[in-house]
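This report refers to the structure that appears directly beneath it.
Read the numbers this way: they start at 1 and go in the same order the structure lists the ligands and their atoms.
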Amino acid sequence: MPEKIVFFGGTFDPPHTEHVNIAAAAAKRYRPDRLIVMPTAIPPHKSSIFAAKGADRLKMCKIAFSGIENVEVSDFEIKNGGKSYSYITLKKLRQDNPDADIVFAMGTDMLRTFSEWKNPNEILENCRIALIQRSGDESAEKTLFDFERQFGKKADVIDYVGQDVSSTECKISLMLALSPDNIPDGVLSYIRENSLYEPDEYFGFVVKNLPEKRRIHTKGVILEAINLAKNLKVDISKAVTAACLHDAAKYLDYRNYKDFSMPDGVPESVVHQYLGGYIAEKALGVTDGDIIEAITYHTTAKAGMCLLAKIIYVADMIERGRNFQGVETLRAKVYENFDEGFKACLEFTVEHLTREGKPIFYETLNAIKSYSIRE
Ligand SMILES: [Fe+2]
Ligand SMILES: [Fe+2]
């Protein structure tokens, strides 16, 4: 019998319970002689937000995967530095183990982007693929179908029971001082002991000034904004900053800021967008005009918004915590065609305000006029 090796790579920034579930499912299925967990150095197909150092990710992996038999955490890619490419790693693994049966285990998210990796065919020459799919994940079937059609190879499919978790979400929770639900206890202790994923100045301001409920909303807006920014090829770190700070002034009194000014007749519910823009610029030193604009018009919108401002406006409205009637339709529209979805959000707001008999701020009217005319 050839030696059986299961390879499981990822950024593991940080490793979470789903990573452990995937590795455990692969271990159960293959009973490998070696299960190699390998954190990447700088991921070529993933942009990282607030990344932990390689040495810390290695240590967190050792803790997270310690309960799995025959596991070894490899520093090969981190030691090599630079960008990590799976085709190089798998080639090396094959060279070192010419006769082994090598299985590359991955979750649906990884397999979905497989065709965008460097030299995917070369990877397939050196191993076979196992898709470890979460039960109930409807996207898995299509991902598998696309992979098999594109590469003419069958992947093993292994089901496991788990939840939809992302490292990004874990990190954002930590940085907003919200309890991250899906980090193994030992990893969480390591994170706390080593002050990883601590709030930076922007997140720190939000943690200090927003109650938990509003921080949960802020997390939803950040995650939604990241998704939209990825789709629309907008700088993700700008989207994170704008989303993080969009409601930063929600509970602050503008009268405490002597130099602060805003247009006349601003409704009370709208004040915080102007104060938020002011604080971002003056107190927190944000210099990027798009970010300031996104914060300053996230409630009312305005004519001629930059793409980032539209993203924050939309993300604020459709983030996963929103459950008003009609939100599902708006979400679908936004992800089908962003511009149309943005306009639908704007129109929805105006209709809602009209129904409630509330005044519509002039910036919103300008926005409606400008985006409708363009049609
Ligand atoms: Fe707001
Ligand atoms: Fe908000």
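Side-chain contact of Tyr274 with Thr300: a donor-acceptor pair under 3.5 Å is absent, judged by distance alone. A side-chain N or O of Glu18 and one of Tyr160 form a donor-acceptor pair less than 3.5 Å apart. Residues His246 and His217 bring a donor and an acceptor atom of their side chains to less than 3.5 Å of each other.
Summary: NE2 is the N/O/S atom of His298 found nearest to the Fe ion (ligand 1). Among heteroatoms of the N, O or S kind in Asp247, OD1 lies nearest the Fe ion (ligand 1).
For Phe361 and Tyr297, the ring centers are positioned 6.0 Å apart or more.
Distances from the Fe ion (ligand 2) show that Asp316 has an N/O/S atom below 2.8 Å. Here His246 does not reach the Fe ion (ligand 1): none of its N/O/S atoms is less than 2.8 Å from the metal.
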